[in-house]
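Notes follow the structure.
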Amino acid sequence: MLLTNARIATFATSDRYGLIEEGAVALEEGSIAWVGPLEELPKRYRSNNAEDLGGRLVTPGLIDCHSHIVFGGHRAAEFELRLEGASYEEIARAGGGIGSTVGATRVATDADLLAGALTRADALIAEGVTTLEIKSGYGLDTETELRMLRVAREVGRIRNLTVKTSFLGAHAVPLEYSGRADAYIDEAVIPTLRAGHEEGLLDAVDGFCEGIAFDPAQMARVFDAATSLGLPVKLHAEQLSHLGGTKLAAEYGALSADHVEYATENDVIALARAGSAAVLLPGAYYTLRETQMPPIAAFRSHNVPMAVATDCNPGSSPLASLLLAMNMACTLFRLTPEEALAGATVNAARALGLTNRGMLRSGACADLAVWDVETPAELAYRIGFNPLHRRICGGEG
Ligand code: NIG
Ligand code: FE
């Protein structure tokens, strides 16, 4: 496949989106064979049936590196409660929040879970997403956690989409372990982690380090188990308060620390040293009407890669639009449109530990999005507008 007459935001160089004017991309067997200015296209890639993109913009396929799209039910009633003045933490402590979705997920059939997840995955796919991370964390027992992970894998088999899974058994303390978080970690989380790994269901291990969830010492035990199996870790850290999760994640060489609104400059330095990414989740910030901004200037000055993701989940971020997450990252966090697009491509790949996508260069996966826009800044600029012209995933589409 040869695409010509395109403006190409490659992200393969660090200046101005790595933009190539009047570019061409040649795809071969699911990979990018060549990308560059049309006039430099090697003879062997020239073809009579090249597709003229009419000057449209080509970017890497979008990558949503933080989502919880597999779950039962919804939490519209909690949305109403928050509008009547209750806080996210109050609702969680009263047995709502994550706990209420756990109840709905445990009673949902696999078919129900899959149907709901596909609806959300399809919304993301329609916006050019080609790689999607999906977490467990609404089962909190071995059976339901593993069911969630199998459903997540199934989404990647049914759709032309790469799915990366994260085990989030340490998301909340389930009712049956109320007041016994340590026992839950030792008796449920770690054995489930081992079982999921044995079944090949886990690409990474995540957790929620927060007053309403687990402290750094508890998370360290989960990370020790993950590390001993060779699984990379990541963490929901410093979302609602400062508990030291970011520093812990860095100590374990985490792929990423996510949310990080309450992270300090020292935390940022720790992430920089560890080579971890920061995953910004403006959908949760917006939904919870958070006012503490993540330390964007420090991420910039210490060269911590910033990814942007939907955090699509039924509670804190019922958002199934990565383009809107990019817009929010600009408007709420003051990212530049270039940083927002890098956050949903090259830096999102980095946050998933993937080196073969997120940028357009020869050898990378043939995951591309073609957009009906003139300039890359337009992708983050409009609100509730989807200019996707064509999505190519693994060379198909
Ligand atoms: O990323 N922070 C913890 N987990 C999710 C929220 C889950 C929920 O409220 O159901 C998040 O915001
Ligand atoms: Fe999350």
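Remember, it's 1-based here, ligands and their atoms both numbered in the order they're listed. Just the heavy atoms: all of them, side chains too, but no hydrogens, waters or symmetry mates, feed the values below.
- Given atom 2 (N) of ligand 1, the protein heavy atom at minimum distance is Q239 OE1, 2.8 Å.
- Residues Q239 and L288 come closest through the heavy atom pair NE2-CD1, 3.8 Å.
- Each of the atoms 1 (O), 2 (N), 11 (C), 12 (O) of ligand 1 lies under 4.0 Å from some heavy atom of H259.
- The protein atom (non-hydrogen) at minimum distance from atom 9 (O) of ligand 1 is Y88 OH, 2.4 Å.
- Nearest to atom 7 (C) of ligand 1 by heavy atom, out of Y285, F208, Y138, is Y138.
- For T101, the heavy-atom gap to ligand 1 stays at 4.0 angstrom or more.
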side-chain hydrogen bond (donor to acceptor under 3.5 Å, both in side chains) between D112 and T109, intermediate numbers included: CA-CA 5 Å; D112 289 340; T109 65; 3.2 Å; yes
Residues Y262, D267; criterion side-chain hydrogen bond (donor to acceptor under 3.5 Å, both in side chains); working and verdict: CA-CA 10 Å; Y262 288 83; D267 294 330; over 6 Å; no
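- Distances from the Fe ion (ligand 2) to each N, O or S atom of H66 single out NE2 as the nearest.
- At least one cation-pi condition fails for R289 and Y88: the charged atom is not both under 6.0 angstrom from the six-membered ring centre and inside a 45 degree cone around its axis.
- Residue contacts with ligand 1 do not include F71, since none of its heavy atoms lies under 4.0 Å from the ligand.
- Protein heavy atom in closest approach to atom 11 (C) of ligand 1: D311 OD2, 3.2 Å.
- Looking only at side-chain heavy atoms (C-beta outward), L161 and T131 stay at 4.5 Å or farther from each other.
- Side-chain atoms of T310 and D64 form a donor-acceptor pair, as typed in the model, at a separation below 3.5 Å.
- The distance from ligand 1 to the heavy atoms of H66 drops below 4.0 Å at these ligand atoms: 1 (O).
- Between H66 and H236, the two ring planes are perpendicular [angle over 60°; tilted spans 30° to 60°].
- Residue H68: an N/O/S atom is found under 2.8 Å from the Fe ion (ligand 2).
- Annotation for ligand 1: atoms under 4.0 Å from non-hydrogen atoms of S316 are 5 (C), 6 (C), 9 (O), 11 (C), 12 (O).
- With respect to the Fe ion (ligand 2), D311 has OD1 as its nearest N, O or S atom.
- Taking 4.0 Å as the cut-off, R75 counts as a neighbour of ligand 1 on heavy-atom distance.
- Between V70 and M148 the shortest side-chain heavy-atom distance falls below 4.5 Å.
- Of all protein heavy atoms, the one closest to atom 4 (N) of ligand 1 is H171 NE2, 2.8 Å.
- The pair K234-D258 does not count as a salt bridge, with every side-chain nitrogen at least 4.0 angstrom from each carboxylate oxygen.
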